[in-house]
Amino acid sequence: MTTKTHRNSDRKTTGTTDEAVVHALLDRQRRTYPAQAGIRLRNTPAPLYQTLVLANLLSARIRADIAVAAARALFDAGLRDARSMADASWQQRVDALGKGGYRRYDERTSTMLGKGAELLLERYDGDLRRLRGESDPRKALTDIPGIGPTGADIFLRDVQGVWPEFAPYFDRKALDGARRLGLPASPEKLSGLVPGREMPRLADGLVHAALDKPLADEVLSLASKTN
């Protein structure tokens with residue numbers, strides 16, 4: 001609470017606008033987590049599944065850069081869709097996760113990735129677009145092994161650009177970043193600060209700000225100079 005009050009006080013003192021802060025954040029944090037993992041996000045089965053895998057990895061108590069590296073390692077090993085993930089052996093998944101540095105949770109995560117892929121194949125033929133048609137897609141996501149409420153939030157946060165019915169989607173961690181930067185902690189107000197196509201990048205940038213105080217300080221400093 002003290003930090004938030006101080007941050008808002010700094011913003012008022014410098015006269016920095018919300019728009020200047022958002023511009024500085026997007027200039028500093030140019031790529032979303034899926035882009036960093038090499039995912040070219042489109043509304044097609046493979047990139048949607050890859051984004052789900054990344055959401056699974058990011059939802060664990062592990063550094064985001066390690067989760068991204070582990071996702072890249074899985075994809076480099078050819079595990080890019082539900083079928084290839086299900087067909088891979090448990091050890092192949094463990095080895096790929098380890099190559100990406102995801103060692104603390106590699107065995108449990110390998111099991112969850114396998115079970116999750118099998119459920120997707122059984123229930124949706126491996127195509128998350130069919131899950132999109134469920135009456136409550138967020139709840140349906142949490143039925144997938146390895147995907148809890150946090151993982152579902154991460155997935156929907158990142159796919160809102162291709163599943164626009166979920167926009168604006170700023171989860172709790174993104175709103176924490178907004179507060180740290182003195183921005184409105186309201187999805188509707190945040191969405192008014194960027195074009196619709198930029199909402200996933202803003203949401204991910206705000207998560208970076210929540211996780212990385214030096215980054216947030218740098219963004220505020222840049223915004224105050226360009227305001």
Side-chain angles (χ1 to χ4, degrees), residues 1-11 16 18 20-39 41 50-74 97 100-106 109 138 141 146-161 166-187 189-191 193-194 198-224:
M1 184 64 68
T2 302
T3 301
K4 182 172 73 171
T5 302
H6 174 66
R7 185 68 65 199
N8 287 337
S9 176
D10 285 349
R11 287 282 309 280
T16 308
D18 290 344
V21 173
V22 168
H23 179 80
L25 176 64
L26 296 181
D27 188 61
R28 177 63 179 75
Q29 200 63 47
R30 293 180 179 272
R31 297 196 300 164
T32 63
Y33 286 118
Q36 291 173 41
I39 301 169
L41 188 50
Q50 291 161 23
T51 303
L52 184 72
V53 169
L54 179 61
N56 181 327
L57 301 177
L58 284 169
S59 64
R61 292 181 180 276
I62 201 163
R63 290 205 326 263
D65 61 327
I66 293 177
V68 168
R72 292 191 72 106
L74 286 166
L97 289 164
Y102 203 89
R103 296 185 179 88
R104 184 176 178 185
Y105 304 104
D106 55 351
T109 301
R138 186 177 183 277
L141 283 166
I147 301 294
T150 298
D153 281 341
I154 293 169
F155 177 79
L156 293 173
R157 185 182 77 212
D158 282 328
V159 303
Q160 63 181 305
F166 294 101
Y169 205 98
F170 294 88
D171 60 359
R172 184 175 63 181
K173 186 61 70 175
L175 295 179
D176 285 346
R179 293 185 188 95
R180 171 166 274 176
L181 294 172
L183 293 169
S186 157
K189 290 181 179 179
L190 288 169
S191 69
L193 297 172
V194 292
E198 294 286 18
M199 273 195 285
R201 196 155 69 95
L202 174 58
D204 263 20
L206 291 172
V207 172
H208 280 279
L211 297 174
D212 186 347
K213 186 176 183 297
L215 169 66
D217 290 341
E218 180 183 346
V219 167
L220 289 171
S221 176
L222 289 171
S224 68

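Atoms considered below: every heavy atom in the structure, side chains included; atoms not considered: hydrogens, waters and symmetry mates. Just so it is clear, the model here is predicted, and its values are computed rather than measured.
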If you define the side chain from C-beta out and look only at heavy atoms, does anything of [X] sit under 4.5 Å from [Y]?
| X | Y | result |
| --- | --- | --- |
| Arg157 | Val207 | yes |
| Pro34 | Val159 | no |
| Leu52 | Asn56 | no |
| Asp171 | Leu156 | no |
| Gln29 | Asp204 | no |
| Leu54 | Val68 | yes |
| Lys173 | Leu211 | yes |
| Leu183 | Leu190 | yes |

On a heavy-atom basis, which atom in [X] and which in [Y] lie closest, and how many Å separate them?
| X | Y | value |
| --- | --- | --- |
| Ile62 | Ala67 | CG2-CB, 4.4 Å |
| Pro200 | Gly161 | CG-N, 3.7 Å |
| Leu222 | Ala24 | CB-CB, 4.0 Å |

Problem - Residues Asp65 and Arg63 bridged, charged N to O under 4.0 Å - result: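 Salt bridge present between Asp65 and Arg63.
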
Handout entry: Asp176 and Arg180 ion-paired at < 4.0 Å
Key = no

Handout entry: Within 6.0 angstrom of Arg172 CZ, more than 12 heavy atoms from elsewhere
Key =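 Atom CZ in Arg172 is not packed in, count stays at 12 or less.
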
Problem - Separation of Leu141 CG from Ile154 CD1 (nearest 0.5 Å) - result: 11.5 Å

Problem - OG1-CD1 distance between Thr51 and Ile39, expressed to the nearest 0.5 angstrom - result: 4.0 Å

Practice task
Classify the angle between the aromatic ring planes of Tyr105 and Tyr102 as parallel (below 30°), tilted (30 to 60°) or perpendicular (above 60°).
Solution key: tilted

